[in-house]
Amino acid sequence: MRIGVFICKCGTNIAKTVDTEAVARKALEYPDVVYATDYMYTCSEPGQEEIREAITKHRLQGVVVAACTPRMHEPTFRRAVEKAGLNRYMFEQANIREHVSWVNNDRESNTLKAMDLVHMAVEKLRLNHPLFSSKVPINKRVLVIGGGVAGIQAALDCSEGGLDVVMVEREATIGGKMAKLDKTFPTIDCSSCILGPKMVDISQKENISLHAYSEIESVSGYIGNFKVKIRKKATYVDWNACTGCGECTQKCPSKKTHDKFNEGLGSTTAINIPFPQAIPKRARINAESCLYLTKGKCRKCEKVCPADAIRFDMEDEIITEEVGAIVVATGYDMFDYSVYGEYGGGRYPDVITSLQYERILSASGPYGGHIVRPSDGREPKDIVFLSCVGSRDASVGRPYCSGVCCMYIAKQAIITRDHLPDCNCYVSYMDIRSPGKNYDEFVRRAQEEYGINYIRGRVGKIYPKGNRLIVQGVDTLMGVQMDIEADLVVLATGLEASDGARELAEKLRISYDQYGWYMESHPKLRPVETNTAGVYLAGVCQGPKDIPASVAQGSAAAAKVLVLFSRDTIETDPQVAFVNERVCISCGKCIEVCPFGAIQWKTLRDGSQKAEVLPTVCQGCGLCNATCPPKAVQLQHCTDDQILAEVNAVCE
Amino acid sequence: MISETGTQREKEIKIIGFLCNWCSYGGADTAGVCRFKQPTDLRIIRIPCTGRMDPLFVVKALIYGADGVLVSGCHPKDCHYAVGNLYARRRMELLKRFLPFIGIDTNRFRYTWVSASEGQLWQQVVTEFSEEIHRLGPNAGLNEKMDAETALSLFNTK
């Protein structure tokens, strides 16, 4: 084989701590290497052109590029060698930036390490063979997990693009957190007025099928052809029959049920519809508080239901949907305010979360939009908003900024002053973070136009005095202690990964970070892709963000799905396992271990059975290769010989 | 210049890392992007999944003369291929107990789980393992003549 080696300087990123010239010179000593050079930016157009020219001029049969991580530019260089007539798999990349020049400054050691890595790549390349992809058809349906604003946007865009959409929502209604909000910053437009029509669209589009009160049970398959099992949880109401008239909720005697939609403020009935604009507007029985399901007596709802929709014997049902792509938009949960014991969240009824305050402000909320205290229904005269409750605090495991709290505090304070002009609003903040179009202006308005008292500092303690609360802390700008008597304290609780986010990630085989936020494929350039092909992200499940950013990501994810589905087939990765029938001893171990069912028995002409890999199903993990006793199964492009050749290159 | 010192440095410690493409290789990239400084002894081989790891790769590397072998993949339950790292975990655990029988110090081999976001953890793993191998010194391989006491001590590891 005639091999060419190209060492990238990456400007000074590599050249600063690696002697690229020496590495190129050394490369010429490695077997089969006929050409070696270094270049300023190998990934640039002239850099790629240089590779192509060298391939022609030196009749190269294989190319090694030593540059950044192959996770970044392997596709770029594969295309480059392909353009020059080589098979795209006659290419290897040595990572001398992320793994060498960026992690140590010792030029001499780095150079030796880079030489080793190039040597390993050359030895591996010598055993490469041209590989060719095959094509499989794409199932042009998309699954959207999560019916918040990001999921809704993704689903509607996909639907507009002519795709069949399956939406799965864990709660009994779509709308997510945004449906609970009263108004949105920085325009103070009504949340349900802008979200409502989109929710209705979801229910009315013929190509969207909505599974509310359902969860993902399991996911199998791969890009273009996923098989998803969905658990439709028992609602004890036949939603095909239910009309959402609400007759049952009037008569239900179990009136002390936890009202999840109202964040636990007030209570609801055991059979309930989450809120008037719910989509689907269907009743559901809460099995934990239903008198019949817990004590065996009642069945009032069954008697009054004009549609005969009540089904007390209903059980969870598992259905299977086949889709070609998945958009994950599972959103977030609020930080548990009781973690800060000194604030008394959960102990004092008038210390509430910001989302509870949204429900208080909302006209469809438990108090009909009147700002009153949960404890005694009195109008508050002084309200304190506390920022960063569960944000930017490593001591509670939340060192990140939740990004939206500064803005929603300003919004809530402005609305408060609109409703109750005599009410004093105080905001205790660490810093104000308001980047975004018209955001800082909005906070300024809160301070200047609405006269909201911003106090920089940190609250240390909240305790009751009579029927009011004393908020004690420090004003760091004045350098004095701060004691404010308040009627109501709103904790700006931060965002955290939603309950079950990790388990779902494991089902989808996508990664998450230490806080449970899903990992995008590249933090800047691939913000809605995941490392699992065909699975895309939208909204807060990827990290804290506000509504405009969530909507943008929803649309972006939909665009990615539409791009994928713009073709009828998808090229499979040919780096798959292959069975050498003459070596196979028919033990069947590979068939047993394959996580994808990609290996099956094949009967030869003499009647003997041998293992056979289905190249379009194989995902190239190599588990069979490691398992096979006689090593008859080899993962192409990563064979035992190739790995050992790399080992040898290091040890030589 | 390099070749001069190269000869002198030929006995530099060499550690081979087998990293799964999806988690630990990405974690090592993340460490690089964040400029988390690490010792230079490690040479990384990219494999699709730790499930691809034949325990013999480790043995052969140590016999060929590598001074240490580090295997790293996705955290259990977070495997890109669902279960590959669970197979790897069993195999690597078994291998660990087997190494002393051929006269190799178990401390020369380590397996660990580092996700693509854990650059800092990766820095820590590489630094600690490199220090450990430097403490053990170069690997004499199977040629090492060993007295009975040393040979037995290989079995008394954590």
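Per chain, numbering begins at 1; letters A, B, ... match sequence-line order. Computed from heavy atoms alone, side chains included, the values below leave out hydrogens, waters and symmetry copies. Computed from a predicted structure; not experimentally measured.
A donor-acceptor pair under 3.5 Å is formed between the side chain of B:Thr30 and the backbone N or O of B:Gly26. The main-chain N or O of A:Tyr512 is never found under 3.5 Å from a side-chain atom of A:Arg502 such that the two would form a donor-acceptor pair.
Proximity to chain A involves both the backbone and the side chain of B:Tyr81, based on heavy atoms less than 4.5 angstrom apart. Both the backbone and the side chain of B:Ile44 have a heavy atom closer than 4.5 Å to some heavy atom of chain A. Within the 4.5 angstrom heavy-atom criterion, no atom of B:Pro55 approaches chain A. At a 4.5 Å heavy-atom cutoff, the contact between B:Tyr25 and chain A is made by backbone and side-chain atoms alike.
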- [ ] Tell me, with the steps shown, if B:Asp29 and A:His99 meet side chain to side chain donor-acceptor pair (under 3.5 Å).
- [x] CA-CA 7 Å; B:Asp29 283 350; A:His99 292 183; 2.9 Å; yes
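At a threshold of 4.0 Å, the pair B:Lys14-B:Asp41 does not count as salt-bridged, since none of the basic side-chain nitrogens sits closer than that to a carboxylate oxygen. A salt bridge links A:Lys26 with A:Glu29: at least one charged nitrogen is closer than 4.0 Å to a carboxylate oxygen. Taking the charged nitrogens against the carboxylate oxygens, A:Asp116 and B:Arg43 do have a contact shorter than 4.0 Å, which makes a salt bridge.
The disulfide bond (SG atoms under 2.5 Å apart) analysis of residues 59-88 of chain B, with sequence neighbours excluded, yields the pairs B:Cys23-B:Cys74.
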For residues 45-54 of chain B, tabulate all N or O donor-acceptor pairs below 3.5 Å that involve a side-chain atom, not counting sequence neighbours.
unit_1: B:Arg46; atom_1: NH1; unit_2: B:Asn21; atom_2: OD1; d: 2.9
unit_1: B:Arg46; atom_1: NH2; unit_2: A:Glu74; atom_2: OE1; d: 3.2
unit_1: B:Arg46; atom_1: NH2; unit_2: A:Glu74; atom_2: OE2; d: 2.8
unit_1: B:Arg52; atom_1: NE; unit_2: A:Cys638; atom_2: O; d: 3.1
unit_1: B:Arg52; atom_1: NH1; unit_2: A:Asp640; atom_2: OD1; d: 3.2
unit_1: B:Arg52; atom_1: NH2; unit_2: A:Asn625; atom_2: OD1; d: 2.8
unit_1: B:Arg52; atom_1: NH2; unit_2: A:Cys638; atom_2: O; d: 2.8
unit_1: B:Arg52; atom_1: NH2; unit_2: A:Asp640; atom_2: OD1; d: 2.8
unit_1: B:Asp54; atom_1: OD1; unit_2: B:Leu56; atom_2: N; d: 3.0
unit_1: B:Asp54; atom_1: OD2; unit_2: A:Lys631; atom_2: NZ; d: 2.7

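Contact residues of residues 124-131 of chain B toward chain A are absent (heavy-atom distance under 4.5 Å). At a heavy-atom cut-off of under 4.5 Å, chain B is reached by A:Ile643, A:Leu644, A:Glu646, A:Val647, A:Asn648, A:Val650, A:Cys651 from residues 643-652 of chain A, listed in order of number.
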